[in-house]
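Report on one structure; see the data block that follows.
For clarity, every value in this text was computed on a predicted model and none was experimentally measured. So that the names make sense, note that chain A is the first sequence line, chain B the second, and so on, each numbered from 1.
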Protein chains: 4
Amino acid sequence: MNTREIDGRSLRAVEKRRARRSDILGAAIRLFSSRGFYATSISDLIKEAGISRGTFYLYFDSKEALFLDLMDVFAKRIMDVVEIVDPAGPDPVQKIYQNVRRIVDVVFNNRELAVIVFRETYGLDSGIDQKLNKLYGFLREMVEGALSKGASWGIIRPVNEQLVTTALIGAIKEVFYHHLVVEPHPVPDRDAFTTSLFEFSTRGLLSV
Amino acid sequence: MNTREIDGRSLRAVEKRRARRSDILGAAIRLFSSRGFYATSISDLIKEAGISRGTFYLYFDSKEALFLDLMDVFAKRIMDVVEIVDPAGPDPVQKIYQNVRRIVDVVFNNRELAVIVFRETYGLDSGIDQKLNKLYGFLREMVEGALSKGASWGIIRPVNEQLVTTALIGAIKEVFYHHLVVEPHPVPDRDAFTTSLFEFSTRGLLSV
Amino acid sequence: MNTREIDGRSLRAVEKRRARRSDILGAAIRLFSSRGFYATSISDLIKEAGISRGTFYLYFDSKEALFLDLMDVFAKRIMDVVEIVDPAGPDPVQKIYQNVRRIVDVVFNNRELAVIVFRETYGLDSGIDQKLNKLYGFLREMVEGALSKGASWGIIRPVNEQLVTTALIGAIKEVFYHHLVVEPHPVPDRDAFTTSLFEFSTRGLLSV
Amino acid sequence: MNTREIDGRSLRAVEKRRARRSDILGAAIRLFSSRGFYATSISDLIKEAGISRGTFYLYFDSKEALFLDLMDVFAKRIMDVVEIVDPAGPDPVQKIYQNVRRIVDVVFNNRELAVIVFRETYGLDSGIDQKLNKLYGFLREMVEGALSKGASWGIIRPVNEQLVTTALIGAIKEVFYHHLVVEPHPVPDRDAFTTSLFEFSTRGLLSV
DNA sequence: CATGAATGAGTGTTCATTCAT
DNA sequence: AATGAATGAACACTCATTCAT
């Protein structure tokens, strides 16, 4: 019974910890997305999260660590939603479309988080580079795999796979960022949006 | 003879000023391209340029002004190289290709400057937003113009012009950035590079 | 008991904070009074107060805010000591004398603070102007009120009230400043001092 | 004839120099009076005077030297206008009145210069202290002399001469400063103004 | 005599992080 | 676990003055 009490206590404690952590992450998402990483100070962060200075460092090692955590959260949500497509299976193109469609959902359901991640570029910070590699490396692999498999099956015409992969990812990123930041209207019809994006990409890639 | 002496003196002085300014711009290009704007301090800048603190402010109003100057320089080089294409003229597609080919040259002849500009994103700083609007606005206009003209002439199939423009620019930007930063090998064959880029974009857009 | 512990802790903390703040104010009074506002740097201030740079900004928003705080402290001490005089009450002149006598005490009991405030003049800084208005506006009101009431009761002969008020305040200020800075000997007999000041002012104002 | 030519040249040169110097003094008067000494930079000064940086230091040793020069100019104008009063002569009170009346003229004919000087206080800068001593020392001597002479002749009742002198000077200074800065309307009737000032001072001092 | 480019110590302020309580 | 006072290096920028031309 004593151990159960302790368990109960620690369970509650763990839950509380998780909630606190979540609060901080939420505050960070709001601030980083609107002001950017550099313009957001720890002071802003703890005020928005309603915690004390010291508490912040109980949950995160540093401002950068928190930021990288956020990138991880987004990367995970994207990666969780992408399914490996078997080009030998039924209707592989439709499968790819559905992957893109689900990514569209994740992005527009996590607008602020998406802004934070899409804003980042390689070459400034090794920690960020690593996270970007994780996310874009994953996507690149997907795309490159589809491209080469598709080529060997004759669905895709032969292209400079690396370059086209980069171009595709750039195209998608830019379109997202445009709708999130430059003209931040909510996208009314996500299906139409996905189709436009998909059409643009595929029409040039599918043979004939 | 007196006036000639003065002319000689002031000419030399003006030249020296220009050289100094150039030194600072050079140092800034090197540092901003490798560390980014925020991570480059005035102290770094003046050490790299070999000048004193005060001298820096003799040539530029602020760190930000210098940065925006750099963006302007790059934007100008790009815009100077793009020629308006008359879709009714001879071989408009070839003309567009040549525009892209020349942009490829500007980018790879100004690698560091290009990195600085491509790294920047909308939504963090109003000064930067303005410069980005200038450059990308110009390019968007070009592309959208070509798209709608081409559509009316039957060369281009009907698409969501805004979205496709965004996608195209994103694709090109990403491909450049990839070759400048992620895998920064010099591109051996710029013609082949341009063709790949061009093919990817056009094959989906040209009718039939 | 837990709460009492917390209370004890926070009480001690609050007290410590107040002490720290007091240290800084003390250092500021010493430096501002001897060198003036402009010639006193934050570096001087924190060295004198024995604190770090960051700590200063924990207690005051800016160098100017600290300075204005100091002006407020002095203004408050003066204003706390002035009692409104009812000219219909018993011995109003004596009441006014006692006001002046108490002001003399405040000034010579807060020599450095007084120097800081008396040194400031209108027209250089809007923040300072505001504080000066608060103090001198209060005193002017007192004096002008006494003058006009006194005139209606026949105690005071008719004068250009605004000008005389200004002259009176200038006279008092200068006399104080002289004894604080130009010949900074402590005033031995504050009663005699007050009487001299009072006589000079009233003999010209009282009718007959 | 050769020497006359040289004389002519150097005469013209001397005149030009004087004019230049005057330009700088004029610019300084305008800027120091409106912004104060600390808020006026050499850059402001040379822009307003239309000269180059180096030229400034050809005419003045430093910013402070220029400022002290300005104080001298004002002190001289005041001192030039005050005439020693012989209490044994005819109508000494009228003579004193005329002195005050002429000081009023100097002040309101040199508003900006007057502002600069009246704004300064003892105890911040030894150079300024010296100039203030020169001006106020002169005036104090005048006043104290009149007071003691007047006392011995029975015109003035016995007072604490030092204190009253200080008070008088403070009163006059404040009234001037008020009309120059706080409510900077031009004084319409300088005679009435002088009379008010004079009455306030004398009514309390003249016996009976 | 006149110029203005150059200097560098100095300014007030910020901020991520630490640590005693 | 939670707090928030304390730190000090770092920041962008200013400015009176010098001196080669």
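No side-chain donor from either of B:T55 and B:R20 sits under 3.5 Å from a side-chain acceptor of the other. Side-chain contact annotation: A:S41 with A:D44, donor-acceptor N/O pair under 3.5 Å present. Looking at B:S33 and B:R119, their side chains never bring a donor and an acceptor atom within 3.5 Å of each other.
Taking side-chain N and O atoms only, D:R12 has no distance below 4.0 Å to OP1 or OP2 of E:dC1.
Residues D:D61 and C:R17 both approach DNA chain F. Their nearest nucleotides, taken by heavy-atom distance, put C:R17 toward the 5′ side. In this structure, A:A39 and D:R20 both approach DNA chain E, and ranking their closest nucleotides by distance from the 5' end singles out D:R20.
The OH-P distance, from D:Y38 to F:dA16, rounds to 11 Å in whole Å. As a whole-Å value, the separation of A:E64 CD from E:dC15 C1' is 16 Å. In this structure, C:L11 atom CG and E:dT21 atom C1' are separated by 14 Å, rounded to whole Å. Rounded to whole angstrom, the span from the CG atom of A:D125 across to the P atom of E:dA16 amounts to 15 Å. Straight-line distance from the CZ atom of D:F60 to the P atom of F:dT18: 16 Å, rounded to whole Å. As a whole-Å value, the separation of A:L66 CG from E:dC15 C1' is 16 Å. Counting to the nearest Å, the P atom of F:dA10 and the NZ atom of A:K63 are 17 Å from each other.
When all heavy atoms of C:L124 and C:D129 are compared, the closest pair comes out as N-OD1, 4.1 Å.
Residues satisfying the side chain to side chain contact (heavy atoms under 4.5 Å, CB included) criterion with B:E120, sequence neighbours excluded, are B:F67, B:M71, B:I128, B:L132.
Among the protein residues, B:R21 comes within range of no part of the nucleic acid, since none of its heavy atoms lies under 4.0 Å from any strand.
When the C1' atoms of four end pairs are superposed on the next four at each end of the helix from E:dA2-F:dT21 to E:dT21-F:dA2, using five pairs per end, the two resulting axes differ in direction by 10°, to 10°.
Taking the six-membered ring where tryptophan is involved, the planes of D:F37 and D:F32 are tilted, since the angle between them lies from 30° to 60°.
For the segment residues 40-59 of chain C, the set of residues with a heavy atom within less than 4.0 Å of an atom of DNA chain F comprises C:S52, C:R53, C:G54, C:T55, C:L58, C:Y59, in numerical order.
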